[in-house]
Amino acid sequence: MPDPFDRPASIPAFALFALLPGLLLGAACLWGGGWTWAALVWIGGASQIVDTVIARGFADPVHDAAPAATDLLSVVLALLHFLLLGAGLAALTGDGMGAASRVALFLGLGMFFGQVSNSNAHELIHRGSRGLFRLGAAVYVTLLFGHHASAHRLVHHRYVATAQDPNSARFGESFWHFLPRALAGSFRAGLAAERALSAAKPGRPNPYAVWVGGGLACCLAAWLVFGWAGLGWYLGLCLYAQVQMMLADYVQHYGLQRAQRADGRYEPVGPRHSWDAPHFLSSLMMVNAPRHSDHHAHPGRAYPGLRLQRAAAPRPMLPYSLPVMAALAMLPRLWRRVMDPRVRRMREG
């Protein structure tokens, strides 16, 4: 009997659902009005309702897409990010919107940057191409999060599901306690990792100069072009996006641990060390970021080829889509009621 998770998803399907919220937001920036509310309603609720009620488990994208098509979509999404950032600040600081519409546009843009732009940039920094890596890093720099290009690859992937990873949430830890620990810890850990690499290779520049300097340059550009109001909106969008990035990390590794061996080393990273989500629309919109355990097993595997991990028993599977679980994580009591029993089953299994 065929597995219901093995239905393929093509690059056009990824393109449709990843680009749709960005195109709606672009229309909102240009024309406002109903486009603003359509964008917010779609990315903030309607897509997740459809995902939860109708599309759960309809696809595990195992599509062997041509690298050129895969890369093209990633590049288009990155360029769309830059366009939306500029157009969004212009709209938010212009005279054509009322207060309610500004808030709606802010929320919609922040969700796109934190969910779609982040997922796509994450994909790009894992590519072997130097140009694609730099493009993904540039997206993070514009979100004042450039250090993630270092910390994620050099620290998170090495120490995931251990106490040495600032971005792995501990069992019983609330998101609001995790957030400042992860933000500060990942910056410091990434800097230490880059310093160690530079010490081992004399003359190697530390990319933190670009991550920090580029972020300061973005702030200066926002102020020069859009004034103090534009700088305020820009900082708000970056903070909102960063919180969503940390929510994704919190949800995808909450409470999961790698066993430590007698020699002090940790067991290899496996499917039991990340929470996956088998939800169709959010996986397409977030270029398969919810197929997280396979990404950790194969960091260089492009998004169309990521698979749900079904070998582990019990399966580390989220009950709702990743965006829904991220919203749930902001309510610690409800989060623990839903997730703590699942973590205990994983530990006992």
Side-chain angles (χ1 to χ4, degrees), residues 71 74-75 77-79 81-82 85 113-114 117-169 178-224 231 234-235 237-246 248-250 252-253 264-266 269 289 295-296 298-301:
D71 293 347
S74 295
V75 170
L77 283 170
L79 296 178
H81 164 83
F82 299 132
L85 188 55
F113 296 151
S117 293
N118 169 48
S119 299
N120 185 56
H122 167 262
E123 176 74 19
L124 287 168
I125 65 172
H126 280 287
R127 298 289 181 81
S129 164
R130 181 175 297 182
L132 293 177
F133 169 81
R134 288 175 175 173
L135 183 60
V139 171
Y140 281 127
V141 167
T142 62
L143 294 174
L144 306 183
F145 213 61
H147 69 276
H148 191 67
S150 295
H152 178 80
R153 295 177 303 112
L154 302 178
V155 180
H156 178 64
H157 270 266
R158 182 177 180 182
Y159 296 114
V160 64
T162 75
Q164 292 175 264
D165 176 32
N167 290 69
S168 292
F178 167 84
L179 178 62
R181 180 176 71 80
L183 285 174
S186 63
F187 185 92
R188 291 195 300 263
L191 179 59
E194 291 288 8
R195 282 176 172 169
L197 288 177
S198 295
K201 298 179 181 179
R204 174 188 181 272
N206 189 325
Y208 263 65
V210 177
W211 308 154
V212 176
L216 292 174
C218 288
C219 291
L220 178 61
W223 175 67
L224 289 173
L231 178 60
Y234 176 59
L235 294 175
L237 284 170
C238 290
L239 178 60
Y240 186 21
Q242 289 175 23
V243 168
Q244 291 183 83
M245 295 178 206
M246 293 297 96
D249 279 348
Y250 178 84
Q252 289 176 314
H253 298 289
R265 294 185 299 175
Y266 292 99
V269 179
H295 165 69
H296 272 277
H298 307 95
R301 179 175 286 172

Handout entry: Distance-minimising heavy-atom pair for L231 and C219
Key = CD1-O, 3.6 Å
Problem - Spacing of L216 atom CG and W211 atom CH2 [to the nearest 0.5 Å] - result: 14.5 Å
Completion exercise
Taking every heavy atom of G190 against every heavy atom of V155, the minimum-distance pair comes out as N-CG2, 4.0 Å
Handout entry: Heavy-atom neighbours of R204 CZ exceed 12 at 6.0 Å
Key = yes
Exercise for the section: Evaluate the ring planes of H157 and H122, with Trp represented by its six-membered ring, and classify them as parallel (under 30°), tilted (30 to 60°) or perpendicular (over 60°). Expected result: parallel
Exercise for the section: Could you tell me the separation between the OG atom of S150 and the CZ atom of R195, rounded to the nearest 0.5 Å? Expected result: 12.0 Å
Practice task
Decide whether E123 and S74 meet the rule of one side-chain donor and one side-chain acceptor closer than 3.5 Å.
Solution key: no
Fill in the blank from the handout: In terms of heavy-atom contacts, V139 and F82 come closest through CG2-CZ, 3.8 Å
Handout entry: For R181, salt bridge (Lys or Arg N to Asp or Glu O under 4.0 Å) partners two or more places apart
Key = E173
Handout entry: Heavy-atom pair of closest approach, residues N118 and Y140
Key = OD1-OH, 2.8 Å
Completion exercise
Note: A241 and F113 closest approach over all heavy atoms is CB-CB, 3.9 Å
Handout entry: L124 vs L77 side-chain heavy atoms within contact, under 4.5 Å
Key = no
Fill in the blank from the handout: Rounded to the nearest 0.5 angstrom, the CG-CG distance for D249 and L183 is 10.0 Å
Problem - H152-H126 side chain donor-acceptor pair, cut-off 3.5 Å - result: yes
Fill in the blank from the handout: Closest non-hydrogen atoms of A121 and G136, given as atom of the first, atom of the second and distance, are CB-O, 3.6 Å
Completion exercise
The reported gap from CG in L239 to CG in L144 (rounded to nearest 0.5 angstrom) is 9.5 Å
Problem - Step-by-step ring pair (Phe, Tyr, Trp, His ring centres under 6.0 Å) determination, Y159 to Y266 - result: CA-CA 9 Å; Y159 296 114; Y266 292 99; 7.4 Å; no
